[in-house]
Structures are given as C-alpha cells and as structure tokens.
Amino acid sequence: MKDTAKHQGLRNQLVALLKEKGITDKSVLEAIKKIPRHLFLNSSFEDYAYQDKAFPIGAGQTISQPYTVAFQSQLLEVKKDHKILEIGTGSGYQTAVLCAMGAKVYSIERQTELFKLTSALLPKLGIRPKHLSFGDGYKGLENHSPFDSIIVTAGAPIIPKPLMAQLKIGGRLVIPLGEEHQVMTMLIRKNETQFEKHEFGEFRFVPLLENKN
C-alpha cells in the first residue's frame, strides 16, 4: 500500500482545484492533502484517483467526488474531538477525512461487503474511527448519541427523525435530500423542537437505503 511523492503531488493539485471551487476551510484542505484517496479505490482507478470524480467501489455504491466530500465536511464546521455520526461508511474515505480533522467518528454501513472491506482497510492506514457499525443508517446510533454533527453520504427522500433526535442542540446535520437529484441540506438544531434549514444546491448521490436489519 504505497503512497508516493507522485501521489502527494497529485493531492496538492487536487487541493488547489478545491480552493478554486470555493473550499476555504483549512482543516478540510489539510485532510484532503493528507489522506491517500487512491488506497480507497480499486487499483484499476489508481491513475484517476485525484481527479474530482466519483468512482464505483462495489455493492452498487460510489466514492463521492473530492469536492462533495470537502463541501460536506466544510458545512459541518468540525472542531477537534467533535463527535460525528456518519451515515454510509462506504469506502471509508469520508471517514478518514473527518478523522484527519480531529473528529471522533461513529460510522454506519448497511452493505456487508463494504463494511468488511472498510473495517479491515482503515486500521491498515492508521485511521481509527471511534466506532464502525453494520446496520440501518435511518436509525442512527441512539446508544452513542447525542452527536455534535451528523453527515449523511447518500441521497435521502426525507430526513430520518431518529437522526434529528440524536443531534445536540447547536449541532449540524448535513444531508443530500431528494430522489433523482439531491439538494444539499443542512439543519442546525436551535432547541429541543426547532431546526434552522439551509440549502446549498444540487448534488448527485446513490440512494440511502432503509431496513437492513
């Protein structure tokens, strides 16, 4: 599992591109610069790993394009030791970026194949989320709640109510909402019952699936 000077150079170019596209959070850019995205992809895609594109990772899922990962991460306003719930571990790349930003990441994946692959890969790369779970992301992780923020990495037709309930007051939930195309949506929890909603334009994600167990 090599990470060469060439890979680092390609990551530097990717970071420059993300800056051009409007990513300003220094901790996000540093994490993208640090994490070897090519190791989260099938080796046949290695030459393309630092292009700003999504790629298939198996089980009908994709690794999001770097801009999407950076954009969602920036919306979270991650601080060191923030407790973050991630719905959809996938390849583990978004997990790794959040860990590199100093977050304590709790992540759920519903695809057995991906869960096994990612659970084995992350420790090999020295990346240690607080908790990896196999299960239904719609339900969240009530036993570990509340969370400083929640990130959903698949398109959802609705905002699952359990996720709203598991968010701290003042916390942020970032979720792509919609069926065919998704609108990146952020909820900020104002108090026990009120949430402030913000929308950030269209993105495209694989669907968030329910009822694994």
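Just so you know, these numbers come straight off a predicted model, no measurement behind them.
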Nearest atoms (heavy-atom pairs only) where [X] meets [Y]:
| X | Y | value |
| --- | --- | --- |
| Ser107 | Thr89 | OG-OG1, 2.7 Å |
| Ser73 | Gln94 | OG-NE2, 2.8 Å |
| Gln182 | Gly155 | CG-CA, 3.7 Å |
| Lys168 | Pro146 | CG-CB, 3.6 Å |
| Ile158 | Leu177 | C-CD2, 3.6 Å |
| Ser91 | Leu121 | O-CD2, 4.1 Å |

What distance separates [X] [atom1] from [Y] [atom2], expressed to the nearest 0.5 Å?
| X | Y | atom1 | atom2 | result |
| --- | --- | --- | --- | --- |
| Ile32 | Lys34 | CD1 | NZ | 12.5 Å |
| Gln13 | Lys33 | CD | NZ | 12.5 Å |
| Ile175 | Met186 | CD1 | CE | 13.5 Å |
| Leu41 | Glu46 | CG | CD | 9.0 Å |
| Met164 | Thr193 | CE | OG1 | 10.0 Å |
| Lys130 | Thr95 | NZ | OG1 | 15.5 Å |

Is any side-chain heavy atom of [X] less than 4.5 Å from a side-chain heavy atom of [Y]?
| X | Y | value |
| --- | --- | --- |
| Arg128 | Cys99 | no |
| Asn42 | Ile57 | no |
| Lys104 | Asp81 | yes |
| Ile151 | Ser149 | no |
| Ser133 | Leu141 | yes |
| Leu167 | Phe195 | yes |
| Pro176 | Val152 | yes |
| Ile159 | Leu187 | yes |

Establish whether [X] and [Y] are linked, either directly or via other cluster members, by ILVMFWY side-chain heavy-atom contacts under 4.5 Å.
| X | Y | result |
| --- | --- | --- |
| Met101 | Ile35 | yes |
| Phe200 | Val28 | yes |
| Leu117 | Leu132 | no |
| Ile63 | Tyr48 | yes |

Just one of Phe45, Phe55, Tyr93 clears the ring pair (Phe, Tyr, Trp, His ring centres under 6.0 Å) bar with Phe40, so which one?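 For Phe40, the ring pair (Phe, Tyr, Trp, His ring centres under 6.0 Å) check succeeds only for Tyr93.
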Does [X] reach the main-chain N or O of [Y] with its side chain, forming a donor-acceptor pair under 3.5 Å?
| X | Y | answer |
| --- | --- | --- |
| Arg172 | Leu76 | no |
| Glu109 | Gln111 | yes |
| Thr118 | Leu114 | yes |
| Gln74 | Ile23 | no |

Near Glu142 CD, under 6.0 Å, is it more than 12 heavy atoms from other residues, nucleotides or ligands?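 Open: at most 12 neighbouring heavy atoms sit under 6.0 Å from CD of Glu142.
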Evaluate salt bridge (charged side-chain N to carboxylate O under 4.0 Å, His left out) for Lys21 paired with Asp52, printing each intermediate quantity in order. CA-CA 11 Å; Lys21 287 188 165 190; Asp52 192 21; 2.6 Å; yes
Taking 4.0 angstrom as the limit, do Lys83 and Asp148 come out as a salt bridge?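 Salt bridge absent between Lys83 and Asp148.
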Going through the checks in order, is the side-chain contact (heavy atoms from CB on, under 4.5 Å) test met by Leu163 and Leu173? CA-CA 8 Å; Leu163 301 187; Leu173 191 163; 3.9 Å; yes
Non-neighbouring partners of His131 that pass ring-ring contact (aromatic ring centres under 6.0 Å, His included), sequence neighbours left out: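 With neighbours one apart ignored, the set is His144.
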Run the ring-ring contact (aromatic ring centres under 6.0 Å, His included) test against His82 and tell me which residues pass, sequence neighbours left out.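 Listed in chain order: nothing, the list is empty.
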Pair Thr153, Glu86: side-chain N/O donor-acceptor within cut-off below 3.5 Å: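 Result is no, nothing qualifies.
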Can you tell me if Tyr50 and Arg11 form a side-chain donor-acceptor pair at under 3.5 Å?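 Yes, because at least one side-chain N or O of Tyr50 sits under 3.5 Å from a partner of the opposite role on Arg11.
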Qualifying ring pair (Phe, Tyr, Trp, His ring centres under 6.0 Å) pairs with a residue from residues 109-128, counting only residues at least two apart or across chains: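 Listed once each, the pairs are Phe115-Phe134.
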Could you please spell out the steps behind the side-chain contact (heavy atoms from CB on, under 4.5 Å) verdict for Leu85 and Gln166? CA-CA 9 Å; Leu85 174 62; Gln166 291 169 30; 3.9 Å; yes
May I have the step-by-step check of side-chain contact (heavy atoms from CB on, under 4.5 Å) for Ile188 and His198, ending in yes or no? CA-CA 8 Å; Ile188 301 174; His198 302 264; 3.9 Å; yes
